[in-house]
Number of protein chains: 2
Amino acid sequence: MATRSNTTAPKKRYRVGVATVVVVFTIQEEALKVLLARRAREPFRGRWALPGGFVRPDEDLDASARRKLGEKTGVTGYYLEQLGAFGQVDRDPRERAVAVAYYALIPSDRLVLRPSKSADAAAWFPVDEPPELAFDHEAILETARERLAAKLDYSTIAFQFLPETFTLVEVQRIYEAVKGEQLDKRNFRRAIQALGKLKATGKKRRDGFGRPAMTYRIKGPKDVEIIK
Amino acid sequence: MATRSNTTAPKKRYRVGVATVVVVFTIQEEALKVLLARRAREPFRGRWALPGGFVRPDEDLDASARRKLGEKTGVTGYYLEQLGAFGQVDRDPRERAVAVAYYALIPSDRLVLRPSKSADAAAWFPVDEPPELAFDHEAILETARERLAAKLDYSTIAFQFLPETFTLVEVQRIYEAVKGEQLDKRNFRRAIQALGKLKATGKKRRDGFGRPAMTYRIKGPKDVEIIK
DNA sequence: GCAAAAGTGTTATCCCTACACCCATGA
DNA sequence: TCATGGGTGTAGGGATAACACTTTTGC
């Protein structure tokens with residue numbers, strides 16, 4: 001048995017790099033997409049990865065995640081929620097690093113991408129068929145998908161994908177894309193209207209043919225509320 | 001505008017101390033209790049705090065949380081789940097530190113406490129009336145309570161509080177303690193039996209008077225399953 | 001008038017809730 | 001026999017799920 005260490009001696013504290021990583025979702029072409037960046041540096045150079053980077057001394061974790069995302073997309077005012085910390089000892093081949101993961105939802109009408117210096121390319125991928133990812137990002141992505149899908153059922157989080165005005169069919173497509181299943185049109189409309197969060201506006205013809213759909217906007221602040 | 005930094009120069013990476021903090025719950029005297037330790041050192045010397053400590057180089061985050069808890073209670077095999085990372089810049093007055101918070105559930109029949117060198121006392125407190133806490137531990141405790149209460153409704157997590165054998169009334173007391181409200185006896189028993197997770201054993205008289213209650217045990221592995 | 005997409009009601013079933021009395025035991 | 005806590009059933013209301021046709025528009 002080892003002798004007890006001197007309790008008054010100053011202990012050298014072990015420190016680790018802390019990064020934030022963001023799973024950015026949007027709806028594009030009726031499918032759930034995730035933003036990935038190709039790594040321009042080692043480790044995993046050339047591999048696709050979730051956007052992220054190390055936290056700065058003077059910024060909170062949330063602020064770090066938003067900063068990283070701002071650099072990549074230029075978007076502001078989106079929904080951001082923490083997923084948790086990922087800290088397996090060997091998750092970064094360079095050295096010990098803990099990632100605090102977030103997920104963000106961006107409305108489908110503002111998804112411009114910016115070039116950045118740490119990645120030579122950024123693109124939206126269907127979540128069903130992502131490329132091979134760097135670090136433990138596959139696990140993080142999977143956690144984010146599960147969280148998002150679960151939250152659809154008991155909150156108004158899906159509205160965060162919507163632009164200023166939208167049609168009921170568009171709302172339904174979001175639910176279907178995230179859950180990966182078809183929903184009954186009549187039941188869906190009744191349920192979504194029963195939330196009392198939508199307000200009709202004028203009319204609008206979507207793309208292509210057919211009868212024009214009524215457009216709606218969110219009544220009140222665009223917050224995520226827990227329902228049921 | 002600042003000049004762009006040289007992209008090839010090695011950047012000094014900023015590192016921070018990472019601690020794990022655990023909200024340990026148990027049911028005692030029909031009330032939800034949380035384990036707190038009185039701090040023997042600065043900062044916040046003498047203040048009550050959640051058990052925790054800095055992560056070691058060779059241990060995963062979960063392992064760190066379990067180690068800390070083992071030092072404090074000696075218990076093993078309990079349920080442990082991550083809550084998330086708490087990393088406000090000023091949450092630790094000494095220096096920047098990120099806490100990865102967990103919550104754990106310990107069955108009511110094994111809650112022995114051990115003395116430790118970083119705290120001169122440890123005790124169970126009712127979650128409704130905790131003392132003033134160190135750091136941001138009040139926020140962490142509140143987050144844990146909310147998560148636990150929410151999870152009661154859609155998982156079998158409450159069973160993690162139960163000893164090997166138990167009565168239906170004891171199960172009901174757990175739900176009532178965590179949710180902070182009275183439940184209808186008949187409806188509760190029907191619902192809990194409908195899960196199909198309980199198996200009757202012999203009979204047993206509880207403390208005091210009255211008709212003896214049937215005892216049950218969990219059928220199958222004692223995992224937390226999502227229900228509904 | 002036809003192709004395309006939007007919009008609309010009813011019925012059966014299941015689940016949740018409310019509610020009050022009898023039973024087994026020890027003193 | 002009484003005090004104490006354990007144990008049991010039913011009925012009504014609300015939510016959910018299944019299901020097919022009509023309307024509006026552009027070409």
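Naming: A, B, ... by sequence-line order, numbering from 1 per chain. Note that the structure is a prediction, hence the values are computed from the model and not measured.
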Look at atom NZ of B:Lys219 and say whether more than 12 heavy atoms of other residues, nucleotides or ligands are closer to it than 6.0 Å.
yes

Thinking salt bridges, do A:Glu170 and A:Arg173 make one under a 4.0 Å N-O criterion?
no

Quick one: B:Gln172 CD to D:dG7 P, roughly how many Å, whole number?
11 Å

Check the distance between D:dA17's C1' and A:Gln182's CD and give it to me in whole angstrom.
16 Å

Given B:Asp153, which of B:Arg147, B:Lys179, B:Lys228 fulfils the salt bridge (Lys or Arg N to Asp or Glu O under 4.0 Å) condition?
B:Lys179

Apply the test salt bridge (Lys or Arg N to Asp or Glu O under 4.0 Å) to residues A:Asp128 and A:Arg145: give CA-CA distance (whole Å), side-chain angles for both, the deciding distance (0.1 Å), then the verdict.
CA-CA 10 Å; A:Asp128 297 323; A:Arg145 286 188 64 175; 3.4 Å; yes

Give me the one residue out of B:Thr201, B:Thr165, B:Thr167 that meets side chain to side chain donor-acceptor pair (under 3.5 Å) with B:Thr215.
B:Thr201

Encode nucleotides 12-23 of chain C as B, S and - characters from 5' to 3', where the letter depends on protein heavy atoms closer than 4.0 Å: B to the base, S only to sugar-phosphate, - to neither.
-----BBBB--B

Measure from CG on A:Leu183 to C1' on D:dA18 and round the result to the nearest Å.
14 Å

Within this structure, what is the CZ-to-C1' distance between B:Phe188 and D:dT8, rounded to whole angstrom?
16 Å

5' precedence on DNA chain D between B:Gln193 and A:Phe209 (nearest-nucleotide basis)
B:Gln193

Find the distance B:Lys204:NZ to C:dT25:C1' and express it as a whole number of Å.
16 Å

Does either side chain, that of A:Glu81 or that of A:Tyr103, offer a donor lying less than 3.5 Å from an acceptor on the other one?
yes

By nearest-heavy-atom nucleotide on DNA chain D, the more 5' of B:Met214 and A:Lys203 is B:Met214

